[in-house]
Amino acid sequence: PYDFQRFTEDGLRHLFRNFKSVEVYRMGGYAGVLGLFLELGLAGIGKHGFQRWLLKWVARGLCWLDLSSQGKEKKEHLKFTTGYFVRAVR
């Protein structure tokens with residue numbers, strides 16, 4: 001159930017286990033991950049055109065939705081994140 005091989009919340013807590021205090025904050029949530037995947041998928045679509053323009057704005061909308069819903073996510077979406085911020089004190 002725990003993943004210590006990748007930069008997951010559990011893995012980061014394990015890396016910093018010898019520190020006095022460790023705080024792990026999620027950066028981005030479920031909608032942000034979908035937006036990021038959509039942006040990354042745009043590389044396969046030509047540089048110009050309506051499809052690319054539309055998908056780019058849908059991706060940005062998902063990222064905006066993600067920022068506006070911080071702290072209100074469903075429990076099953078809490079493991080989806082675009083990254084972590086760690087504050088550790090030795």
Side-chain angles (χ1 to χ4, degrees):
Y2 300 105
D3 183 352
F4 299 124
Q5 301 302 313
R6 290 171 269 195
F7 289 109
T8 61
E9 184 172 350
D10 298 325
L12 290 168
R13 289 189 185 283
H14 183 73
L15 284 172
F16 291 96
R17 68 188 176 277
N18 295 327
F19 284 66
K20 280 188 218 176
S21 170
V22 178
E23 298 172 31
V24 179
Y25 301 98
R26 293 173 52 246
M27 296 173 58
Y30 189 72
V33 170
L34 290 176
L36 181 61
F37 282 152
L38 190 56
E39 282 274 354
L40 293 172
L42 288 175
I45 299 175
K47 292 188 177 194
H48 305 288
F50 180 73
Q51 275 185 322
R52 184 175 174 87
W53 177 85
L54 180 63
L55 289 175
K56 185 176 183 179
W57 284 102
V58 168
R60 288 184 182 178
L62 286 169
C63 291
W64 177 84
L65 176 67
D66 182 55
L67 289 173
S68 66
S69 65
Q70 280 289 342
K72 303 174 202 167
E73 299 98 345
K74 294 179 182 178
K75 186 177 180 180
E76 59 268 17
H77 292 168
L78 290 177
K79 288 291 182 181
F80 291 93
T81 184
T82 55
Y84 292 98
F85 176 78
V86 178
R87 181 174 179 261
V89 178
R90 255 195 194 266

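The two atoms that bring G35 and A59 nearest to each other are O-CB, 3.5 Å, heavy atoms only. Heavy-atom minimum distance, R13 versus V22: NH1-O, 3.6 Å. Residues G32 and C63 come closest through the heavy atom pair O-SG, 4.3 Å. Of all heavy-atom pairs between K20 and R90, the closest is CE-O, 3.2 Å.
Taking CG of L15 as the start and OG1 of T8 as the end, the distance is 9.0 Å to the nearest 0.5 Å. Considering NE2 of H14 and CD of E9, their distance stands at 14.5 Å, rounded to 0.5 Å. The OH atom of Y84 lies 7.0 Å from the CZ atom of R26; values are rounded to the nearest 0.5 Å.
V86 and Y25 fall into different hydrophobic clusters, defined by Ile, Leu, Val, Met, Phe, Trp and Tyr side-chain heavy atoms under 4.5 Å apart, directly or through other members.
In this structure, R60 contributes its side chain and W57 its backbone to no donor-acceptor pair below 3.5 Å.
Sparse packing is recorded around CZ of F37, with 12 or fewer heavy atoms of other residues, nucleotides or ligands lying under 6.0 Å away.
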Handout entry: Intermediate values then yes/no, side chain to side chain contact (heavy atoms under 4.5 Å, CB included), L12 and F7
Key = CA-CA 6 Å; L12 290 168; F7 289 109; 3.6 Å; yes

